[in-house]
Amino acid sequence: MTAPVGVASWQVCAACGDVLTELDPRTTCDCGGLLEIRHRPPALQGPALRELFEKRWGLHDPIDASGVWRYREIVLPTAADPVTHPEGGTPLLSRPAIAEWAGVPDLRLKHEGHNPTGSFKDRGMTVGVTQARRIGARAVACASTGNTSAALAAYAAQAGIPALVFVPAGQVALGKLAQSLAYGAKTLLVRGDFDDCLRLVQQASDSLGVYLLNSINPFRLEGQKTIVLEALQQLGWEVPDWIVLPAGNLGNTAAFGKALGEARALGLISRLPRLAAVQAAGAAPFARSFAEGFAARHRVKAETVATAIKIGDPASYERAVRAIRETGGLVLSVTDAEILEAKAVIDAAGVGCEPASAASVAGTRKLAAAGTIRPGERVVAVLTGHVLKDPGVLIEYHQKTEPPPPRANRPIEIDATLAEVERVLRK
Ligand code: F0G
């Protein structure tokens with residue numbers, strides 16, 4: 001299809017090719033297909049565009065200070081007054097203890113837990129809520145395993161738009177549920193799983209005229225692209241060999257693929273890293289499809305300790321398939337035990353992350369052990385959420401599990417006497 005004349009951005013249906021304007025309030029095409037945002041290429045490209053991004057880093061204006069709006073030319077160029085915290089600007093860490101455990105000496109950790117609500121969802125939500133305000137949405141809604149709802153609640157509060165969130169009752173980590181309540185979202189605890197919540201919120205937003213801000217909303221993905229852009233910028237635009245990320249509903253996998261394709265087309269990078277999407281073994285329909293050469297889409301009843309990625313029927317399946325194919329990537333799964341061990345290693349290095357995030361390091365280790373990640377290759381693993389998101393899993397691991405896991409750090413209760421302290425320290 002050809003670009004509409006005279007506009008900066010527009011939406012295209014990935015299924016039927018229909019074109020929607022940038023301010024069209026529909027979040028999916030009438031044919032049921034998912035929408036994708038396209039932008040007219042910016043005036044500056046290649047080294048000149050890199051220089052523009054470089055100049056903005058460290059400026060004080062919130063728009064430049066944001067690790068999302070720093071890249072506004074390729075995120076949402078016409079957004080004049082974004083709803084920004086600001087967000088992004090997250091660190092790219094090197095930690096020898098984690099690298100050694102993973103078997104990848106040149107391992108970098110892009111820690112998205114450093115975002116304002118503690119997960120990468122803030123990058124998508126600053127764009128999604130900005131778009132909600134631009135189209136005059138009277139309310140916004142999402143289904144969530146907890147992080148999307150926390151981010152939506154915070155950004156909607158900032159924008160002054162009522163937020164409605166649907167989360168699976170009893171399956172959301174404590175920190176996330178607490179955030180949604182604290183930021184003032186109307187929080188519905190749905191008796192069902194995430195996949196039930198997503199179906200319900202889609203029906204509800206259709207019939208109530210509420211703007212849907214799940215990652216099927218293409219504006220969310222434009223924001224999430226900046227995880228990759230910012231990591232590349234932090235590496236001086238030297239392309240790593242691999243980018244490894246946890247995968248649930250597959251919005252992020254899709255966003256990463258789009259970011260990389262666009263970065264190459266604009267001359268920001270000259271080759272693509274391979275994407276490795278890591279699922280929890282009990283919630284791995286995408287890994288199963290990959291193993292079959294993407295011959296079929298699968299749906300499963302999801303079960304995993306990593307509640308963030310406890311998803312059986314990922315919504316962004318098709319566009320994530322494209323991301324894996326276009327980057328020569330792969331999809332794998334890791335067990336809950338592998339996730340918990342990786343998390344214990346990441347936590348004990350003083351970095352910390354939530355269980356789902358640790359899947360990326362567990363996956364990295366598995367790929368290195370299999371020789372798929374080769375010696376000397378550079379890997380960026382994305383830590384998607386903060387350690388305090390899920391205190392329940394931490395307490396269970398360190399304090400309650402019997403027998404104690406090898407890396408458990410049991411607390412020791414004592415009487416308030418010096419003798420007791422000495423007794424414990426002598427042990
Ligand atoms: N890591 C964390 C911490 C997440 O919260 C999520 C998704 C993912 C990884 C997977 O990303 O869905 O784009 O493949 N959380 C969503 C939520 C589903 O509702 O917060 P994905």
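Every number for a ligand or one of its atoms is a count from 1 in the order of the listing.
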Item to check | G385-ligand 1 polar pair, N/O distance under 3.5 Å | outcome: no
Checklist entry - Looking at L221 and G251, what are the two nearest heavy atoms and their distance? => result CD2-O, 3.4 Å
Checklist entry - Which atoms from ligand 1 have a heavy atom of G251 less than 4.0 Å away? => result 13 (O), 14 (O), 21 (P)
Next on the checklist: I'd like to check E22 versus L76 (side-chain heavy atoms, cut-off strictly below 4.5 Å). Are they in contact?
Outcome noted: yes
Item to check | Interfacing atoms of ligand 1 (cut-off 4.0 Å, heavy-atom, A247) | outcome: 14 (O)
Item to check | Side-chain touch L229/E262, heavy atoms, less than 4.5 angstrom | outcome: no
Next on the checklist: I want to know if ligand 1 touches N252 in the polar sense, i.e. an N/O pair below 3.5 angstrom.
Outcome noted: yes
Next on the checklist: With a 4.0 Å cut-off on N to O distance, would you call R271 and D241 a salt bridge?
Outcome noted: yes
Checklist entry - What protein heavy atom sits nearest atom 4 (C) of ligand 1, and how far away is it? => result A308 CB, 3.6 Å
Item to check | T226 and its side chain to side chain donor-acceptor pair (under 3.5 Å) partner, picked from R72, E87, R123 | outcome: R123
Checklist entry - Looking only at heavy atoms of N214, does any of them come nearer than 4.0 Å to an atom of ligand 1? => result no
Item to check | Verdict with supporting geometry, N147 and E354, side-chain hydrogen bond (donor to acceptor under 3.5 Å, both in side chains) | outcome: CA-CA 11 Å; N147 280 326; E354 67 164 284; 2.8 Å; yes
Checklist entry - Can you tell me which residue and heavy atom of the protein come closest to atom 20 (O) of ligand 1, and the distance to 0.1 Å? => result T148 N, 2.8 Å
Checklist entry - Would a distance-only check, ignoring hydrogens and angles, find a side-chain to backbone donor-acceptor pair under 3.5 Å from Q279 to A247? => result yes
Checklist outcome for this item: among protein heavy atoms, the one nearest atom 12 (O) of ligand 1 is N249 N, 2.8 Å
Next on the checklist: Rounded to the nearest 0.5 Å, what separates atom CD in Q131 from atom CG in D24?
Outcome noted: 9.5 Å
Checklist entry - Polar-atom distance check: E354 versus ligand 1, any N or O pair below 3.5 Å? => result no
Next on the checklist: Assess whether a salt bridge exists between R38 and E36, defined as any Lys/Arg side-chain N lying under 4.0 Å from an Asp/Glu carboxylate O.
Outcome noted: yes
Checklist entry - Going by distance only, is there an N or O of G248 that falls short of 3.5 Å from an N or O of ligand 1? => result yes
Checklist entry - Looking at I311, which atoms of ligand 1 are within less than 4.0 Å of one of its heavy atoms? => result 18 (C)
Checklist entry - Can D61 and R70 be counted as an ion pair, charged N to O under 4.0 angstrom? => result no
Next on the checklist: I need the atoms of ligand 1 closer than 4.0 Å to a non-hydrogen atom of N147, numbered in the order shown.
Outcome noted: 2 (C), 3 (C), 4 (C), 5 (O), 20 (O)
Checklist entry - Are R378 and L235 side-chain neighbours, meaning at least one heavy-atom pair lies under 4.5 Å? => result yes
Item to check | Minimum-distance protein heavy atom relative to atom 8 (C) of ligand 1 | outcome: I309 CG2, 3.6 Å
Item to check | Near-ring test F294/F286, centroid separation under 6.0 angstrom | outcome: yes
Checklist entry - For ligand 1, which atoms have a heavy atom of S144 less than 4.0 angstrom away? => result 17 (C), 19 (O), 20 (O)
Checklist entry - Is the closest N or O pair between S357 and ligand 1 shorter than 3.5 Å? => result no
Next on the checklist: Looking at D347 and C353, would you say the former's side chain and the latter's main chain have a donor-acceptor pair under 3.5 Å?
Outcome noted: yes
Checklist entry - Of all the atoms in ligand 1, which lie at a distance below 4.0 Å from a heavy atom belonging to T145? => result 15 (N), 16 (C), 17 (C), 18 (C), 19 (O), 20 (O)
Next on the checklist: In this structure, does ligand 1 have an atom that sits under 4.0 Å from one of the heavy atoms of S119?
Outcome noted: no
Checklist entry - Taking distance alone, with no angle check, do F120 and ligand 1 share an N/O pair under 3.5 Å? => result no
Item to check | K389 contact mode with ligand 1 (heavy-atom cut-off under 4.0 Å) | outcome: neither
Next on the checklist: So for ligand 1, is K121 a polar contact partner (N or O within less than 3.5 Å, distance only)?
Outcome noted: yes
Next on the checklist: Using a 3.5 Å cut-off on N or O atoms only, is T253 in polar contact with ligand 1?
Outcome noted: no
Checklist entry - Of the protein's non-hydrogen atoms, which lies at the shortest distance from atom 2 (C) of ligand 1, and what is that distance? => result T384 OG1, 3.4 Å
